[in-house]
Chemist: 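Please see the structure below; I have some questions.
To find a chain, count down the sequence lines: A is the first, B the second, and so on, and within it residues start at 1.
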Amino acid sequence: MSSSRRQYPFHLIEPKWQKIWDEREAFRAFNPGDEIPPTHPFALRHKVSGKVSAAQLPPKFYILDMFPYPSGSGLHVGHPEGYTATDILARYKRARGFNVLHPMGWDAFGLPAEQFAINTGQHPRKTTEENIATFKRQIKSLGFSYDWSREIATTDPDYFKWSQWIFLKLYNSYFDKEKNSARPIAELIENRKLQIPNEPESSLRAFVDSHRLAYIGQVPVWWCEELGTVLANEEVVDGKSERGNFPVVRKPMQQWLLRITAYAEKLLQDLDIINWTDSLKEMQRNWIGRSEGAEVDFQVAGSSEKIRVFTTRPDTLFGATYMVLAPEHKLVNEITTADQRDAVAKYKGEVANKSDLERTELAKEKTGVFTGAYAINPVNQEKIPIWIADYVLASYGTGAIMAVPAHDTRDFEFATKFNLPVVQVVQPPDAKMDWHGFVGDGVSINSSGPNISLNGLSTAEAKKKITEWLESKGLGKRTINYKLRDWLFSRQRYWGEPFPVVWKRSTNGTLYHEALPDSALPVLPPELKDYKPTATGEPPLARAKDWVNLPDGSQRETNTMPQWAGSCWYYLRYLDSKNPNAFVGKEAEHYWMSGKSAGVDLYVGGTEHAVLHLLYARFWHKILFDLGFVSTPEPFFKLVNQGMVLGEDNQKMSKSRGNVIPVDVPVRDVGTDALRLYEMFMGPLEMVKPWSTRGVEGVYRFLGRVWRLFVDEKSETEFEQAETTTDPNKHSELLKLVRLDAAITDVAPTAPQLKTLHACIKKVTEDLEGLRFNTAISALMVFVNEAMTWETKPAAVMADFLILLHPFAPHLAEELWEKLSAIGKQPSANLAYSPWPEFDPALLVENEIEIPVQINGKLRDVIKVPADADNAAIQAAALASEKIKPLLESKSIKKVIVVPKKLVNIVAS
RNA sequence: GCCGGUGUGGCGAAAUGGCAGACGCACAGGACUUAAAAUCCUGGGACCUUAAAAAGUCGUGCGGGUUCAAGUCCCGCCACCGGCACCA
């Protein structure tokens, strides 16, 4: 790359315009109530200034990037792919007259800074600030049109004050099933007091605490020894921690949880009202994992106990030949007979010691033990043995199943191994099919008892009949189960938001928690010298005794919130990032989040957050919506996942492979405009695609062609010579030496020139609306290739082209626009706020069109006909073609198909 | 195993059911140059013929089908990528 000659002085142009944009605050987005300076380009474009109301502002467009975690290693060329796409759209929408909100910030709490603190003692805040500085410098060097006045960092106390505040809203709310909505906990308390007057305080507290959306639970959690913290289900991948890839184990611990399961149905249903890709919606659907079925009670033989099972196939109840409980099921010890006690205890011990990996990944063979007890099948009164086995999960359904080996793969494997009976109760639709382990729908057979028969019914009918029967007898009911578990929300870390909660002891000695008042926010973390957990395994915050122990004898919660807390609502803070009185002001929230496309208009980010951030943020948003703090049920109206950028070797970029390309390299060698253009030219936004240094040079050359299309060659030579003899600090002034090409004049465009321009306007506009950046860029290239041949270049055409170019290569476009100002034809002094050119279809009309002529579907000729020729004329011209005639001589024409203005196909034999 | 996505020249890719390969990279030839770089012009899917061309045949992962016409629609496979995975 260093061997090639510089295409154009991007090294002067890019810093120049970045500085000008900063000084003008060119991309500041204005809220209702803001004071707009009359000289601001937005004021000039929209003819509004001073204090404005929402009604005076143009329609809004909110374009959001997933804010980055500022790591120490800086940005590589994969990072700006999504940022470039959103920036292009932001600039395009500004040109279309929208009030565009395009913000950036930092998801700055996180493990690496804390690990560094443990190793070196450097405060995580310092590490974080340094990393933010690096990221900000790099992102600014890319020339994105962010409104930096709204910049946020989740680690800023003015920010996390509101993360804590929202937590308190969750803590002080419950989910009202009847209203299908979150409600203030005070309503629950009031109702409870009406129902049970004079309830003892501890009992009332237990009731209330068990309904909060943020609650303490003693649950089996994922503990990661290496990280010294617990992790959420979503953060565990294949038995390892998502961050760091360390082993995790199940361990019952007392932790904070958020009741996301209460929102399972809403989170599922509202996927239908948002414009996301099917694959992403599907991932969330799978994660929520809704399944419809029935709960059925089985009496334990010779006992008063009942065991409730969940099944999606109640129609196969007659085929239940045994029952299986999860080893952790609470009735196991109670029902186990004396002679099976040892075997059961031994098995439970084995299961408890198995890692999650052993229990799922490696456990190809089914294991289990008979409890000695029997259950009574309610439909036919048959006694079936009760087993325990670890293929039944305690955490799903009721932790117990009825086993129907004939029609369930797992039950079939188990029954085969332990020689349990297999009874067919479903006839497959294809009689020749083997019914052993057949799990599809069919017709019920062998399904008749003293009081009910399902024989002859289809699976769907049988399900309905048996469920109604069970309900009528009080033996079961229709149920919906979800795979989704409540969200584990506490971490044993230093570098996170402390919980605004204290622990107190009641008069009878029991410990209870209590929320701090809003006035206590923000709760700042204490200063520490040592960031490790304590010797007794308590979180690092427990080291700060003065901080933990409050004067009134209560103690602070020493867990902190996970990183997701800050990213769950940051898109709302951007709307009103400096508001000291609320997490977002009402008017700002309403202006930016409501409208035709409710919420964020376009959100671009990677797939890695499909079930993490994107699910959590939807959940919080829905609570805030229920409580009346936001005006839309969903936060992100349209969401696009950009595909990953691979290294030049077609592998995922990673330090260990040595194929990482830092953004600084292309920015130095070809400039950010070329980098931006290449990021988009590589291929469709959503696709995974490899980086190519050659490819970057290709678009860099294109920008050089644009430069040469506009500037006078001689003046550029003078500029280059001056550059070698001038003080580098004065170089940017030298840009003035470069003059506009003399061929650019204020003349009327010719018809072909207008046609070239308008074809480009049409293609670029349509492609931007469809996020097809790669083909939009190729349309710009087509224009330039054509315009290079022009002897005179009408200023008006060239100006319109610059408007089309500017979202993609804003620095170069601004520089050329400034030079074009000398001609005085451009409509506005500010390119970034110049109206997008309108496409005129009349200018694309051709006099003559080319029509391919096929014989039996094979191309044989291309003829020219007048554009207004009718089908008969086109057919006549095709048959008259000198190339076509001889080919038809020995054939008879069966049929001639004429597609108007498109094609002729002659069917002949 | 289940769900989703992708498969087109040497490479990145483009094509409302209507001329497959736009645009770009790499490559080759030419112009400019003492020379190189840069720039500008030209060429290009494969095969078969040919001095060169014209003409012809084949061609969008594989096998079928619908249609005057299929990269595109339908049926059945294969490969790769991503997600979920004993969820009853």
Side-chain angles (χ1 to χ4, degrees), chain A residues 3-7 237-238 277-287 289-291 293 309-313 316 324 359-361 363-364 366 389-393 395-404 407-411 413-414 439 481-485 607-608 610-611 641 643-644 650 652 677-678 681-684 686-699 701-702 704-705 708 713 763 772 774-782 784-785 788 850-862 883 894-899 901-908:
Chain A
S3 64
S4 61
R5 189 177 171 278
R6 194 177 65 216
Q7 289 280 339
V237 179
D238 294 335
T277 60
D278 287 339
S279 73
L280 195 62
K281 286 186 182 183
E282 211 44 42
M283 277 192 230
Q284 292 217 341
R285 283 194 193 104
N286 289 340
W287 193 262
R290 181 186 203 269
S291 62
V309 303
F310 173 73
T311 177
T312 54
R313 292 297 299 271
T316 62
V324 187
R359 189 161 165 175
T360 57
E361 302 282 307
K364 304 286 176 228
K366 293 273 182 292
D390 66 359
Y391 82 91
V392 172
L393 306 175
S395 56
Y396 182 77
T398 61
I401 61 155
M402 63 176 207
V404 184
H407 306 296
D408 181 280
T409 320
R410 298 147 301 180
D411 297 345
E413 272 175 40
F414 192 82
V439 297
N481 253 305
Y482 302 91
K483 283 196 248 178
L484 188 68
R485 299 273 75 93
T607 344
E608 66 272 19
V611 289
N641 288 126
M644 210 185 331
N650 247 300
K652 195 171 169 173
L677 207 61
Y678 180 65
F681 189 61
M682 275 192 282
E686 306 88 334
M687 292 288 126
V688 176
K689 50 223 168 248
W691 185 258
S692 157
T693 301
R694 298 279 196 193
V696 189
E697 289 176 52
V699 292
R701 271 205 288 271
F702 163 69
R705 280 163 73 78
R708 292 190 293 278
E713 226 181 301
K763 182 78 177 142
R772 293 181 298 269
N774 54 331
T775 49
I777 292 166
S778 72
L780 294 170
M781 289 172 169
V782 169
V784 170
N785 289 344
M788 289 293 269
E850 292 193 334
I851 303 282
V853 182
Q854 301 176 334
I855 298 176
N856 295 333
K858 284 191 179 161
L859 183 69
R860 296 300 174 181
D861 194 16
V862 179
K883 281 191 185 163
K894 295 267 187 292
K895 196 167 157 189
V896 178
I897 287 138
V898 180
V899 183
K901 298 185 196 304
K902 270 279 163 73
L903 168 141
V904 178
N905 189 13
I906 302 163
V907 186

Chemist: Can you figure out which of B/rA13, B/rC68, B/rA15 approaches the side chain of A/Thr775 most closely?
Modeler: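 The nucleotide sitting nearest to the side chain is B/rA15.
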
Chemist: In whole Å, measure the gap between the C1' atoms of B/rC25 and B/rA14 for me.
Modeler: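 So the two C1' atoms sit 15 Å from each other.
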
Chemist: Where do A/Arg485 and A/Ser395 come nearest, in terms of heavy atoms and distance?
Modeler: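 Answer, listing the atom of A/Arg485 first, then A/Ser395: NH1-O, 2.6 Å.
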
Chemist: Using a heavy-atom cut-off of under 4.0 Å over every strand shown, decide if A/Asn905 touches base, sugar-phosphate, or nothing.
Modeler: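 If one applies the 4.0 Å heavy-atom cut-off, A/Asn905 turns out to touch a base.
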
Chemist: Using the side-chain heavy atoms of A/Arg705, tell me which of these nucleotides is nearest: B/rC40, B/rC23, B/rC58.
Modeler: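 Within the option list, the nearest is B/rC40.
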
Chemist: What interatomic distance, in whole Å, is found between P of B/rU8 and the corresponding atom of B/rC68?
Modeler: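 These two P atoms come out 30 Å apart once rounded.
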
Chemist: Rounded at 0.5 Å granularity, tell me how far CE in A/Met687 sits from CG in A/Asn641.
Modeler: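 Here the rounded value is 11.0 Å.
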
Chemist: Just to be sure I understand the rule, does A/Ser778 reach a base, reach only the sugar-phosphate, or reach nothing, if contact means heavy atoms closer than 4.0 Å?
Modeler: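 Here A/Ser778 touches the bases of the nucleic acid.
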
Chemist: Select base, sugar-phosphate, or nothing to describe what A/Asn774 touches, counting heavy atoms under 4.0 Å on all strands.
Modeler: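 If one applies the 4.0 Å heavy-atom cut-off, A/Asn774 turns out to touch the sugar-phosphate alone, with no base involved.
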
Chemist: Under 4.0 Å, counting only non-hydrogen atoms across every strand here, what does A/Ser291 touch: a base, just sugar-phosphate, or nothing?
Modeler: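 Answer is sugar-phosphate: A/Ser291 comes under 4.0 Å of backbone atoms only.
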
Chemist: Rounding to an integer number of angstrom, what distance separates B/rG45 and B/rA26 when you compare their C1' atoms?
Modeler: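 Pairwise C1' distance, B/rG45 against B/rA26, rounds to 16 Å.
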
Chemist: Working to the nearest 0.5 Å, report the span between CD1 of A/Ile401 and CZ of A/Arg313.
Modeler: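 Between A/Ile401 CD1 and A/Arg313 CZ, I get 14.0 Å after rounding to 0.5 Å.
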
Chemist: Taking the P atom in each of B/rG65 and B/rA79, what is the distance between them to the nearest angstrom?
Modeler: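 Pairwise P distance, B/rG65 against B/rA79, rounds to 24 Å.
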
Chemist: Which nucleotide in the list B/rC25, B/rC86, B/rC3 gets nearest to the side chain of A/Asn286?
Modeler: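 Selected nucleotide: B/rC3.
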
Chemist: Over how many whole Å does the gap from A/Met402 atom CE to B/rA88 atom P extend?
Modeler: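 One finds 12 Å between P of B/rA88 and CE of A/Met402, rounded.
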
Chemist: Measure the CD1-CG distance between A/Ile897 and A/Leu903 for me, rounded to the nearest 0.5 Å.
Modeler: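 Between A/Ile897 CD1 and A/Leu903 CG, I get 9.0 Å after rounding to 0.5 Å.
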
Chemist: Looking across every strand, which nucleic acid part, if any, lies under 4.0 Å from A/Lys894 by heavy atom: base, sugar-phosphate, or nothing?
Modeler: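 Nothing, no nucleic acid heavy atom in range.
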
Chemist: So that I can compare with my own list, what are the stems of RNA chain B, taken as at least three consecutive Watson-Crick or G-U pairs with distances under 3.5 Å?
Modeler: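 As far as RNA chain B goes, consecutive pairing (with distances under 3.5 Å) yields the stems B:1-7 with B:78-84, B:10-12 with B:23-25, B:27-31 with B:39-43, B:45-47 with B:56-58, B:61-65 with B:73-77.
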
Chemist: Under 4.0 Å between any heavy atoms, over every strand shown, what does A/Thr311 touch: base, sugar-phosphate, or nothing? Just pick one.
Modeler: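 Sugar-phosphate contact only.
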
Chemist: Please classify the nucleic acid contact of A/Gly698 as base, sugar-phosphate, or nothing, using heavy-atom distances under 4.0 Å.
Modeler: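 Since only primed, P, OP1 and OP2 atoms lie under 4.0 Å of A/Gly698, the category is sugar-phosphate.
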
Chemist: When the P atoms of B/rG1 and B/rG24 are compared, how many Å lie between them, rounded to an integer?
Modeler: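 It works out to 45 Å between them.
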
Chemist: Any cation-pi pair here, A/Lys366 with A/Tyr391, using under 6.0 Å and within 45°?
Modeler: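 Yes, cation above the ring, under 6.0 Å and within 45°.
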
Chemist: Just jot down the side-chain hydrogen bond (donor to acceptor under 3.5 Å, both in side chains) partners of A/Asn785, sequence neighbours excluded, or say none.
Modeler: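 Scan of A/Asn785 (side-chain hydrogen bond (donor to acceptor under 3.5 Å, both in side chains), adjacent residues dropped) gives A/Arg705.
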
Chemist: On a whole-Å scale, what distance lies between the P atoms belonging to B/rG5 and B/rG10?
Modeler: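 Roughly 28 Å separates the two P atoms.
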
Chemist: Tell me which nucleotide among B/rG12, B/rC40, B/rA38 gets nearest to the side chain of A/Gln7.
Modeler: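 In terms of side-chain proximity for A/Gln7, the closest of B/rG12, B/rC40, B/rA38 is B/rA38.
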
Chemist: Quick one, A/Arg694 with A/Glu697, criterion salt bridge (charged side-chain N to carboxylate O under 4.0 Å, His left out). Give me CA distance, side-chain angles, the key distance, then yes/no.
Modeler: CA-CA 5 Å; A/Arg694 298 279 196 193; A/Glu697 289 176 52; 5.0 Å; no

Chemist: Could you work out the separation of B/rG63 and B/rU57 based on their C1' atoms and round it to a whole Å?
Modeler: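 Those two atoms are separated by 22 Å.
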
Chemist: Roughly how many Å apart are B/rA35 and B/rU42, using the P atom of each and rounding to a whole number?
Modeler: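 Nearest-Å result for B/rU42 against B/rA35 at atom P: 23 Å.
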
Chemist: Looking only at side-chain atoms of A/Tyr391, point me to the closest of B/rC86, B/rG24, B/rC25.
Modeler: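 From the listed options, B/rC86 comes nearest.
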
Chemist: Between A/Phe702 and A/Gln7, does a side chain to side chain contact (heavy atoms under 4.5 Å, CB included) hold up when you go through it step by step?
Modeler: CA-CA 9 Å; A/Phe702 163 69; A/Gln7 289 280 339; over 6 Å; no

Chemist: Describe the nucleic acid contact of A/Val899 in one word from base, sugar-phosphate, nothing, applying a heavy-atom distance below 4.0 Å.
Modeler: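 Since a base atom lies under 4.0 Å of A/Val899, the category is base.
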
Chemist: Looking at every strand, decide which applies to A/Arg860 at a 4.0 Å heavy-atom threshold: base, sugar-phosphate, or nothing.
Modeler: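 Sugar-phosphate contact only.
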
Chemist: NA contact type, A/Asn481, heavy-atom cut-off 4.0 Å: base, sugar-phosphate, or nothing?
Modeler: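 Nothing, no nucleic acid heavy atom in range.
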
Chemist: From the set B/rA88, B/rC23, B/rG18, return the single nucleotide nearest to any side-chain atom of A/Lys902.
Modeler: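 Among B/rA88, B/rC23, B/rG18, the one nearest the side chain of A/Lys902 is B/rG18.
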
Chemist: What contact category does A/Arg285 fall into here, base, sugar-phosphate, or nothing, at under 4.0 angstrom with non-hydrogen atoms?
Modeler: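 The residue A/Arg285 makes no contact with any strand.
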
Chemist: Mind checking side-chain hydrogen bond (donor to acceptor under 3.5 Å, both in side chains) for A/Thr775 and listing every partner two or more places apart, or none if nothing turns up?
Modeler: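 With neighbours one apart ignored, the set is A/Asp767.
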
